[in-house]
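Heads up: the structure comes next, in structure tokens.
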Amino acid sequence: MMGWIFHASDPMGGAAGEAYANTLKSPGMQPEHVLAREAIQNSVDAGTGAKVEVYFREISLTGAKKKTFVDAADLGAIEARNAALQFAPNCLISLNKSRTPLRLLYVDDYNAEGLSGDPHDKGSNFYRLLLSLGDRSKARTAHGTGGSYGFGKSVYSSSSAIQTIFAYTRFQGADGAERTRIFGCGYYPSHEFKGTMYSGRAWLGSVERKDDLGRVIVDPLENAQADELAEKLGFELRAEGQCGTSILIVDSDVNMELIMKGVEDWWWPRLIQNKLDVAIIEADGKEHIPRPKKNIALKPFIQAFEIATSVAEPAAGAQKRLKLNAFEGVPLGTGGLVVIPVDQTGTPVVPGDKCNSVALIRAPLMVVAYKQFSEASPPVAGAFLASDSEEIDLVLKKSEPPAHDRWDPDSINLRDDTGLAKRMVEAVISRLRHGLRRFQTEAAPPAPAKQKRLGQLERALGSYFKPQGFGNAAPPDGAPSPLHLEFSKQPSAEATPSGKLRLTSVFVVWLDDKHEEDEVPLRLRINCPVIEDDNEEGDDLKLEVKISGITATRLDAEGAVYRFLLSKHEKAKFTIISEEYDPAWTVRLRPDIDKDVA
């Protein structure tokens, strides 16, 4: 074995080593959370079927143990370039100070495939994790995975103050025999050293060789040599059958409590389904096990997830199951919504940035994002599990950026001639937004007494004037309403050139001449839900609304909610055209009027 081999800059350019360390930064997300998300995702993607186990182990070295490690890792070769690399304060300035601790972090997974395959084959696990950048072929083709090894290395190297990692792995070869490997990788800035320009990429493994084209090749150490170096570097040696990968992050400066929180916040769906075991072990040997069900801020999301997956039935009024209708024949998935409880001070138990959010989840069972859809009350928490159908899983995965922290309908990976994938992601986001806001309306407390009389009468209009075939009519209670609503064009379905349907209607609202008030401030919400098989209302169709006779202000950019002042002798005319929908669907038009007290 020789020491670090630094790659001289290519005359044709190429990515600098530091490019590999900065691709997974996520705005607003703590580095420890990014590490917890991506490291576990790499392990889950490489799982062999049994429950994957992941351990985050922190070690602090001083004295003779530190010297043994420094020599084995050949950190002196990196220290010689420290001035050129221009790192922030790091361990290289204190390598010879035996009392100054050197912090290491090991991320070990078991019941995983390991870094198998030809190390220099672009399709192998080894190459994808350690040598390539931005190869998202797995994200485009593999069903049920989190993403691509093409960016996996970034989360490890960016957690190292000197952007240096080692990978020790055990895997089963093509011949059925198990092997071990170890390889060191440095992802540094491009720099000049002793008159030569270097790309910033460096490797520690076998003696350098060159291929037929004269390109530098460095192979990993294998078997006995690999185990010998691994032991010196503090890895736990892998026995027969212990396949998987261990990553060593040199000069780590991560907060273990934040890793613990990151595991719970982002991986609770997989943890509660007993499909993942994680342990966080501090330098003093103290072990912590994530227990998301005991995390009060996560309980509403877990309840919503259990409703979505039919583990629990929703409690009437405070919880709801939300099944998204298929899009172009592709099932989208199911969600759950719950009203967030409050503490003794009336503060929601969920942090403000997660209130009115839906945890977006797909096949790997990691929370991609907590997507906030409203600022209204009551506060709501939701969970949406995308269908396990290959079509929607691949579309959502392709929509995710390298950090896997959102579903982006404008992702360049979705671009095609039809625009179908973009519309599919937009449908998921839009239907979740409408579903959450509709649930908030349903779960809101009753209106104050001062507006109850007029509000009840006006809301009754929405049912009373529904045409047959679009809902059950219900006459208003009590005295006649001072408002009148009349359909000049009954809601009806019209065929479109695409073979789909759209609903059209026209109705007029006016104030009774005998009403005691000359004008009334009103708020009108127009919903057009799809009716599910159980006669429950599903997702709302988007509506185009044209208004004449009065001046109205639209309150909701997504939904059809308007505020206007209606005077005697005025008539407010509303012309409705829905988006296109599947001919197999039944829909309902529901105008809902309230006196505006804002």
Side-chain angles (χ1 to χ4, degrees), residues 14-46 54 107 109 115 122-160 163 165 167 185-189 200-201 245 247 249 254 259 262-263 265-267 359-371 386 392-416 421-422 425 428-429:
E18 63 182 341
Y20 291 65
N22 295 310
T23 55
L24 284 183
K25 291 184 177 179
S26 179
M29 193 179 297
Q30 294 167 310
E32 287 86 352
H33 283 222
V34 178
L35 175 61
R37 285 164 55 95
E38 183 69 17
I40 294 176
Q41 181 176 282
N42 287 343
S43 300
V44 168
D45 284 355
V54 181
V107 183
D109 69 35
L115 302 183
K122 291 184 177 181
S124 72
N125 287 352
F126 184 96
Y127 188 96
R128 284 179 172 174
L129 181 63
L130 300 176
L131 298 180
S132 70
L133 176 66
D135 175 9
R136 299 197 73 201
S137 58
K138 187 172 64 166
R140 291 189 292 270
T141 58
H143 174 227
T145 61
S148 169
Y149 275 134
F151 295 100
K153 68 192 67 57
S154 171
V155 73
Y156 304 118
S157 56
S158 62
S159 298
S160 163
Q163 294 170 201
I165 67 172
C185 296
Y187 307 102
Y188 312 129
R201 299 182 64 194
T245 301
I247 302 293
I249 299 170
V254 301
I259 289 181
V263 172
D265 276 6
W266 304 104
W267 282 102
L360 305 180
I361 307 161
R362 56 180 186 82
L365 296 178
M366 180 187 81
V367 176
V368 172
Y370 291 92
K371 176 71 173 175
I392 188 62
D393 181 71
L394 289 179
V395 164
L396 291 176
K397 178 162 53 177
K398 288 168 67 175
S399 80
E400 296 172 6
H404 309 292
D405 59 357
R406 64 185 181 277
W407 291 339
D408 182 5
D410 295 318
S411 169
I412 60 173
N413 297 313
L414 298 180
R415 293 178 182 173
D416 59 30
K422 172 184 172 69
V425 178
V428 170
I429 299 300

In Å, rounded to the nearest 0.5 Å, how long is the span from [atom1] of [X] to [atom2] of [Y]?
X      : Y      : atom1 : atom2 : value
Asp109 : Asp45  : CG    : CG    : 11.0 Å
Arg201 : Tyr188 : CZ    : OH    : 12.5 Å
Leu396 : Ile361 : CG    : CD1   : 12.5 Å
Asp405 : Met366 : CG    : CE    : 8.5 Å
Leu130 : Thr245 : CG    : OG1   : 8.5 Å
Leu360 : Arg406 : CG    : CZ    : 12.0 Å

Under a 4.5 Å cut-off applied to non-hydrogen side-chain atoms, are [X] and [Y] in contact?
X      : Y      : answer
Asp265 : His33  : yes
Trp407 : Glu400 : yes
Glu38  : His404 : yes

How far apart are the closest heavy atoms of [X] and [Y], and which atoms are they?
X      : Y      : result
Tyr156 : Asn42  : OH-ND2, 3.3 Å
Ser154 : Ser158 : O-OG, 2.7 Å
Val44  : Pro364 : CG1-O, 4.5 Å
Ala39  : Val155 : N-CG1, 4.3 Å
Asp410 : Asp408 : N-OD1, 2.9 Å
Ser411 : Lys398 : OG-O, 3.3 Å

Name all residues meeting the side chain to side chain contact (heavy atoms under 4.5 Å, CB included) criterion together with Ser159; count only those two or more places apart in sequence or in a different chain, and write none if there are none.
Leu35, Ile249, Val254
Could you tell me whether a side-chain N or O of Arg37 sits under 3.5 Å from a main-chain N or O of Ala403, the two making a donor and an acceptor?
yes
